[in-house]
A.B. asks: 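The following block contains the structure, expressed as structure tokens.
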Amino acid sequence: MSTKHFIPDPTHLVSAALQSLVLTNPGLAVDAPNKVVYRRPGYGSPQQRVHIVSGGGSGHEPSFTGMVGPGLLSAAVAGTIFASPSAEQVRAAIMSRVDHSSPSGAQGKEGEGGGGVLVTVMNYTGDVLNFGMGVEKARASGVEAEMVVVGDDVGVGRAKAGKVGRRGIAGTVLVHKISGALAAQGASLEQVAKVARLVADNLVSVGASLEHVHVPGRAKPDVNSAEYLKDGEVEIGMGIHNEQGSSREVVELPELVSKMLAQMLDQNDKDRAFVNVNSNEVVLLVNNLGGVSVLEMGGIVTEVATQLEKSYNIRPVRILSGTFMTSLNGLGFSITLLNVVNTDIGGPGMIELLDYPCEATGWSSPISKQTWEEKNTATREENASVDSEVKPSGLKMDGTTAQQALIRALEAVIAVEPEVTRYDTVVGDGDCGIGLKRGAEAILKYLQSHALSGDAVVDVAGIVPIVEKEMDGTSGAIYAIFLNALLAALKGQGQGEASPQVWASALRQSCDALSKYTPARPGDRTLVDALYPFVETMEKTGNVKQAAEAARKGAEGTKGMKPSLGRTVYIGGSGFEQVPDPGAWGLANFFLGLAGIKN
């Protein structure tokens, strides 16, 4: 549980967060005393006559205040963190922060009424009571108002939930989106409320988290308390206010997702079979509870969609992924399924309403209806490899001797990996040795089935894509640029013997090409401190052993050399005084192996 916060004062935190919505969307305004975010007059569809108000405790952003905007909510009321707003706040939002007048010519059919307010609230006692009281006060003042309570969580079954019923979690945003789109198109209060209830009645959701969250302003809990999960544990069914879930288990993601989907879809589980998801159209929402990386969310979405199709034959017609309803910085996610049914209002269906345009900072689903419905399956399968394009150049060398020398060089790189890694741990992030070793092993594997031909151009061309594919990071890019430039330089040498002078000339051209993409020069404490001495000595002597010794000397000289480039610059410290540059040392050992010199 992380207890660190940039803004530890919960009161200031909530008010500052509300103010940010005005800064990021000029169409919104904030009633600061009542903590209400609302659309400014004239911001939204001119035909809208029903306005939707929602809200709840803060800490679930972008729900609810981030969902205010055309096509979604007209206003949202914020409580303190994880606590319901008061009835007076709700009354202020309903009575004075949304428009109760009907647009010209939008009185509706006979009996439909001219406007009204729909209040949507999640099924938590404080929210239901305070929003319910606000609705009753509005009705007593002559405002047409309806309330829809959303309970979509299956994490707590019927037996344990009792009269309280299901909790409301991320599925609520689908209620907001679909009913908000219908209201924007001029539908009546009766129609909007009906569709909102239909959506709510056809939702199932469940969450899971690796840890509980710390609320700013509260004391740090005892590490031995139940609020802390053990290493490796995940709490299935945990609520969005740290409420206890259905179980704590040590499971990997595939098994976790399997258990979550079973709670949502197993019709034999009578304690949780709240909705029979049997529609031809199903919507999947995978929601970030606030602390999961975007990268990991992508992996979670793939796992959920794969299991839905494989185990339940469900291929969602829409898949939404993002941060819609959080639990502060909760390290967890929730899954929601909407069983799409007919709205029976003689108008747009649920999917059409889900696709309807909206403008709100909290709605992160930019894929258009057209893109979904095109179902484009076209791909590009052309092989990007240049192997087939390289023709024999006539630049000859002894393939057997060259292969033996190259294998020695690669084995030297693999052997020195622990040393390079140790150096890089001192002055970098510790990955240099592993990267060099990975590239060397990949080339060795390639040579087992692709012996060098003796044509310098063909042989270098075969190695270049391996380096490009297997070596990442900064050093990988440098080696890839250098080798591509070397290939181009060798092609320009013409036919004949690939003599030391020919190699030296090509290597010089490669250095010149590399210098266009990096400012690294000798004295900057980089691999260039080993590369340039090797090339310069080859130019002068044509002797590989002398060139390799020069590379070693250059690499050794980086010990104590103040860095000008690379990660060492901003890591700081005195590590550079203790060890040579890892990249330079790894490259020097490659050259020593090439020359047959044991380090």
Side-chain angles (χ1 to χ4, degrees), residues 21 25 27-29 31 36-41 43-56 60 62-78 85 89-103 106 108 112-123 127-128 130-132 134-135 138-139 143-150 168 171-200 203 324-325 343 345 347-348 350 353-354 356-363:
L21 293 160
N25 184 348
L28 302 183
D31 171 359
V36 177
V37 176
Y38 61 94
R39 282 158 37 186
R40 296 184 187 275
Y43 180 44
S45 170
Q47 60 183 337
Q48 181 167 352
R49 50 200 172 114
V50 172
H51 293 275
I52 302 175
V53 175
S54 188
H60 305 304
S63 291
F64 303 85
T65 52
M67 297 296 175
V68 177
L72 267 161
L73 303 180
S74 294
V77 195
Q89 288 177 259
V90 176
R91 187 201 64 78
I94 297 173
M95 296 300 298
S96 60
R97 296 297 177 258
V98 296
D99 187 6
H100 300 133
S101 62
S102 300
E112 283 186 348
V117 176
L118 173 65
V119 172
T120 56
V121 61
M122 296 196 297
N123 189 27
D127 290 322
V128 172
N130 283 303
F131 278 84
V135 167
R139 286 173 174 165
V143 175
E144 284 191 77
E146 292 284 343
M147 188 164 100
V148 173
V149 178
V150 183
T172 307
V173 300
L174 296 179
V175 177
H176 291 157
K177 178 64 185 71
I178 290 172
S179 60
L182 185 61
Q185 297 176 59
S188 68
L189 178 59
E190 179 184 355
Q191 292 171 323
V192 176
K194 176 182 179 180
V195 171
R197 289 190 180 97
L198 270 176
V199 176
L203 287 171
F324 295 91
M325 181 177 290
T343 57
I345 59 171
M350 289 185 181
L353 293 168
L354 185 63
Y356 191 80
C358 68
E359 185 173 280
T361 57
W363 183 257

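In this chain, residues are counted from 1 in sequence order.
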A.B. asks: Do you know the tightest heavy-atom contact between P348 and Q185?
C.D. replies: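 That would be CG-OE1, 4.1 Å.
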
A.B. asks: I want to check something: taking the side chain as every heavy atom from C-beta on, are V175 and L203 in contact at a cut-off of under 4.5 Å?
C.D. replies: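 V175 vs L203: side chains touch.
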
A.B. asks: With respect to L118, which candidate in M147, E146, E190, H51 satisfies the side-chain contact (heavy atoms from CB on, under 4.5 Å) definition?
C.D. replies: E146

A.B. asks: Any idea which heavy atoms bring L353 and K177 closest together, and the distance?
C.D. replies: O-NZ, 3.0 Å

A.B. asks: Nearest heavy-atom pair of G347 and T343: which atoms, and what distance?
C.D. replies: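 The pair with the smallest heavy-atom distance is O-OG1, 4.4 Å.
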
A.B. asks: Output the distance between atom CD (E359) and atom CG (N25), rounded to the nearest 0.5 Å.
C.D. replies: 5.5 Å

A.B. asks: Determine yes or no for a side-chain-to-main-chain donor-acceptor pair under 3.5 angstrom, with R97 supplying the side chain and A92 the backbone.
C.D. replies: no

A.B. asks: What pair of heavy atoms forms the shortest contact from S188 to V50, and how long is it?
C.D. replies: C-CG2, 3.5 Å

A.B. asks: For the residue pair V199 and S179, establish whether any side-chain heavy-atom pair is separated by less than 4.5 Å.
C.D. replies: no

A.B. asks: Is any side-chain heavy atom of D127 closer than 4.5 Å to a side-chain heavy atom of P85?
C.D. replies: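 The answer is yes; the side chains approach within 4.5 Å.
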
A.B. asks: Given H176, which of F324, F64, W363 fulfils the side-chain contact (heavy atoms from CB on, under 4.5 Å) condition?
C.D. replies: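 The passing option is F64.
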
A.B. asks: T120 side chain to V148 main-chain N or O, any donor-acceptor pair under 3.5 Å?
C.D. replies: no

A.B. asks: For the residue pair M122 and V149, what are the closest heavy atoms and their distance?
C.D. replies: C-CG1, 4.3 Å

A.B. asks: Please answer whether the main-chain N or O of V36 pairs with a side-chain N or O of Q89 as donor and acceptor at a distance below 3.5 Å.
C.D. replies: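 Checked: no pair found.
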
A.B. asks: Might you point out which heavy atoms bring A360 and V68 nearest each other, and give the distance in Å?
C.D. replies: CB-O, 3.7 Å

A.B. asks: Quick check against the 3.5 Å criterion: does R39 have a side-chain atom that pairs as donor or acceptor with the backbone of L28?
C.D. replies: no

